There are 2 protein chains.
Amino acid sequence: MDDWLKDSVEVEASWVTVDLAIFTIRDDRLMVLLIERGVEPFLGRPALPGGYVQKNETLRDGALRELWEEAGIDGGRLHLEQLGAYGDPQRDPRGRVVTIAYLALGPDLPAPVGGTDARRAYWASVSQLMAEAKGLAFDHLAILSDALEEVRRKIEYTAAATAFCGESFTLSELRTVYEVIWGEGLDPSNFRRKVLNTVGFVESTGERWHPPTGRPAGLYRRGSAWLLSPPLLRGTGNGA
Amino acid sequence: MDDWLKDSVEVEASWVTVDLAIFTIRDDRLMVLLIERGVEPFLGRPALPGGYVQKNETLRDGALRELWEEAGIDGGRLHLEQLGAYGDPQRDPRGRVVTIAYLALGPDLPAPVGGTDARRAYWASVSQLMAEAKGLAFDHLAILSDALEEVRRKIEYTAAATAFCGESFTLSELRTVYEVIWGEGLDPSNFRRKVLNTVGFVESTGERWHPPTGRPAGLYRRGSAWLLSPPLLRGTGNGA
DNA sequence: CGTGTTTAAGTCAATATGACCTTTAGGGGT
DNA sequence: ACCCCTAAAGGTCATATTGACTTAAACACG
C-alpha cells in the first residue's frame with residue numbers, strides 16, 4: 001500500500017476483523033457458539049469466534065474461513081449474512097480494531113472443536129447469556145444482543161427460520177423455531193395455515209416423517225421465496 | 001499500535017472509511033447527495049460523500065463529521081443509521097480500504113456546498129442514477145442500490161418515512177413520501193386510516209395547514225413509536 | 001381393538017383491507 | 001353573496017385475514 005496520507009496525524013491504519021454470531025437450536029433452546037480465548041487480550045474469557053481479515057479475501061470469505069478455522073463448521077450448509085460494523089475506538093485495548101459482525105444460522109450443528117486461537121468452542125444458551133449480561137470479551141455482548149434482535153425480526157419477514165431446520169422438516173419443527181426464538185407459544189393450526197398460505201415459503205417434499213407417537217407429519221423444504229409476503233408477525237398474537 | 005502479528009504475511013493493516021447515502025425528497029423525486037471527487041482516485045467522478053475514519057472517533061461520529069465537512073449538513077436534524085460494511089479487496093485501487101456505509105434520511109435539505117475533497121456537491125435523482133447504472137466511483141453504485149432497497153423496506157415497518165418530513169407535516173406529505181419511494185400511488189383515504197390506526201406512528205399537533213387550494217389539512221408530528229405494528233405493507237396493494 | 005398422541009382440517013366471530021363514495025372546509029372568481 | 005374548484009376528512013361495503021377453538025384423521029402400542 002502506498003503512503004498517501006501517511007503524514008496526516010488524524011488518520012491511522014486500522015485492523016479489520018470479523019466476528020461471528022452463530023446460532024442454532026438445541027434441545028428447544030437458542031444457542032450461540034462461543035470460544036474460550038487462547039490468546040491475549042481477554043485470555044480465557046468467552047468470546048464470539050472471529051479473527052483478522054486477510055489480505056486478499058472479501059469480508060464474507062473471511063467470515064467463512066473463521067467459521068471453519070475456529071469452529072470447524074462448513075459455511076456452505078448455513079445461512080450467513082452481515083450484521084454490521086463495530087468500531088468504537090475503545091472496543092479493543094490493542095488499538096483501533098474495527099470488526100465486521102456476521103450472523104450465521106444453522107441446523108443443530110456438531111459439537112465444535114477448538115481452533116487455533118481458541119482453547120475450546122462450545123454452545124451457550126442465549127437466554128442464559130443475556131440474563132447474566134457479563135463475561136464476554138470486547139463488545140461481544142452488544143454484538144450478540146444486536147444479533148439476537150436481528151434474528152427475531154428476520155424470521156418475521158424472511159424465510160430465515162428455515163435455516164435452523166435441516167434439508168427437510170415438518171411444520172411442527174418450523175413452528176418450534178419460532179416459538180424458541182420469540183419465546184412465545186403459537187397456535188399450531190393457525191401457524192400451519194399462515195405458512196402454507198405464504199407463497200414460496202415452504203413446499204411439500206411429498207414425503208412424510210413418522211414421529212415416535214402420533215399421526216405422521218408431512219415433510220417440507222424451503223420454497224423459492226426469501227422475503228415473505230405477507231410476513232409472519234409476532235406481538236399482534238399468532239395464537240395462544 | 002503494537003506490532004503483534006506484524007510478522008504474519010497474511011494479515012495487513014487496512015484503512016477504514018465511511019460513506020454516506022443521504023436521501024431526501026425534492027420535487028416529488030427521491031434524491032441522493034453526490035459529490036464530484038476532487039482527488040485521486042476517480043478524480044472528477046461522482047461518488048457518495050465520505051472519507052477516512054479518524055483516530056479517536058466512533059464510526060458514527062466519523063459519518064457525522066463527513067456529513068458536515070463534505071456536505072455542510074448538520075447531522076442532528078436527520079436520521080442516521082448504519083447500512084453495512086463493504087470490504088472487497090478490489091474495491092479501492094489504492095489497496096485494502098474497508099468502508100462502512102451509512103444511510104441518512106432528511107427533509108428537503110439546502111443545496112449543499114462542496115467540501116475539502118469534493119469539487120462540488122449536488123442532489124441527483126435516484127431513479128435516474130439507477131437507470132443509467134454507471135459512473136459512480138468505487139462500488140458506490142452497489143452501496144446506493146443496497147441503500148435504496150433498505151429505505152424501501154425500512155419505511156414499511158418503521159416510522160422512517162417521517163424523517164423525510166419536517167418537524168410537522170400533513171398526512172398528504174407523508175403519503176407522498178411513500179408514493180415517491182415505492183413508486184406507486186396509494187389511496188389517500190386508506191392511507192390515512194392505516195397511519196392513524198397504527199399506534200404511536202404520528203400524533204396530531206392540533207394545528208392545521210392551509211394548502212393553496214382545498215380544505216385545510218391537519219398537522220402531525222412523529223409519534224413515540226419507531227417500529228410500526230402493524231407495518232404498512234406495499235405490494236399487497238394499499239390502494240390504486 | 002381401544003387409547004394416547006400428534007398432525008391435519010374445519011368453523012366462526014371479530015377485525016382488517018381495498019375500492020369506492022360523500023361530506024366538509026377552505027380559496028378564487030364573478 | 002354565491003358558485004365552483006380543490007384537497008382533506010370521513011363513511012360504506014364486500015371481501016380477506018386473523019385468532020380462538022373444535023373436529024377428524026393417522027399412526028404406535030398394548
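Given the structure is predicted, the values throughout are model-derived calculations rather than measurements.
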Original post:
Side chains of A/Tyr86 and A/Asp19: donor-acceptor distance under 3.5 Å anywhere?
Top reply: no
**OP:** Apply salt bridge (Lys or Arg N to Asp or Glu O under 4.0 Å) to B/Arg175 and B/Glu179, showing your working.
**Re:** CA-CA 6 Å; B/Arg175 178 169 45 82; B/Glu179 291 177 331; 3.3 Å; yes
Original post:
Does any N or O in the side chain of A/Asp74 come within less than 3.5 Å of the main-chain N or O of A/Gly76, such that one atom is a donor and the other an acceptor?
Top reply: yes
Original post:
Starting at CG of B/Leu233 and ending at P of C/dA16, how long is that distance when rounded to a whole Å?
Top reply: 14 Å
**OP:** Spell out yes or no: do the side chain of B/Thr170 and the base of D/dA8 have one donor N/O and one acceptor N/O closer than 3.5 Å?
**Re:** no
**OP:** By nearest nucleotide on DNA chain C, pick out whichever of B/Pro231 and A/Ser189 is the more 5' one.
**Re:** A/Ser189
Original post:
Does atom CD of B/Glu207 have more than 12 heavy-atom neighbours, drawn from other residues, nucleotides or ligands, at distances under 6.0 Å?
Top reply: no
**OP:** Specify the separation, in whole Å, of atom CG of B/Asn197 and atom P of D/dG10.
**Re:** 12 Å
Subject >> Nucleotide D/dA7, atom P - distance to CD of B/Glu179 in whole Å >> reply: 13 Å
Original post:
Does anything in residues 200-217 of chain A reach DNA chain D, meaning a heavy atom under 4.0 Å, and if so which residues?
Top reply: A/His210, A/Pro212, A/Gly214, A/Arg215, A/Pro216
Original post:
Rounded to the nearest Å, what distance is computed from the CZ atom of residue A/Phe191 to the C1' atom of nucleotide C/dT7?
Top reply: 14 Å
**OP:** Let me know which of A/Leu186, A/Thr158, A/Val195 forms a side chain to side chain contact (heavy atoms under 4.5 Å, CB included) with A/Leu232.
**Re:** A/Val195
Subject >> Distance-only donor-acceptor test, B/Arg193 side-chain atoms vs C/dG18 base atoms, 3.5 Å >> reply: yes
Subject >> Atom pair distance, as rounded to whole Å: CZ in B/Phe169 and P in D/dA7 >> reply: 21 Å
Subject >> Atom pair distance, as rounded to whole Å: CG in A/Leu196 and C1' in D/dT17 >> reply: 16 Å
Original post:
Quick one: is C/dT17 close enough that its OP1 or OP2 comes under 4.0 Å of any side-chain N or O from B/Lys194?
Top reply: yes
Original post:
Could you give the CD-to-P distance, from A/Glu184 to D/dG19, as a whole number of Å?
Top reply: 11 Å
Original post:
With a 3.5 Å cut-off and no angle check, do the side chains of B/Ser125 and B/Ser127 form a donor-acceptor pair?
Top reply: yes
Original post:
Separation of A/Arg175 atom CZ from C/dT6 atom P, in whole Å?
Top reply: 11 Å
Subject >> B/Arg193 to B/Phe191 six-membered ring, cation-pi geometry met (6.0 Å, 45°) >> reply: no
**OP:** Could you tell me whether the side chain of A/Asn190 has a donor or acceptor atom within less than 3.5 Å of a complementary atom in the base of D/dA20?
**Re:** yes
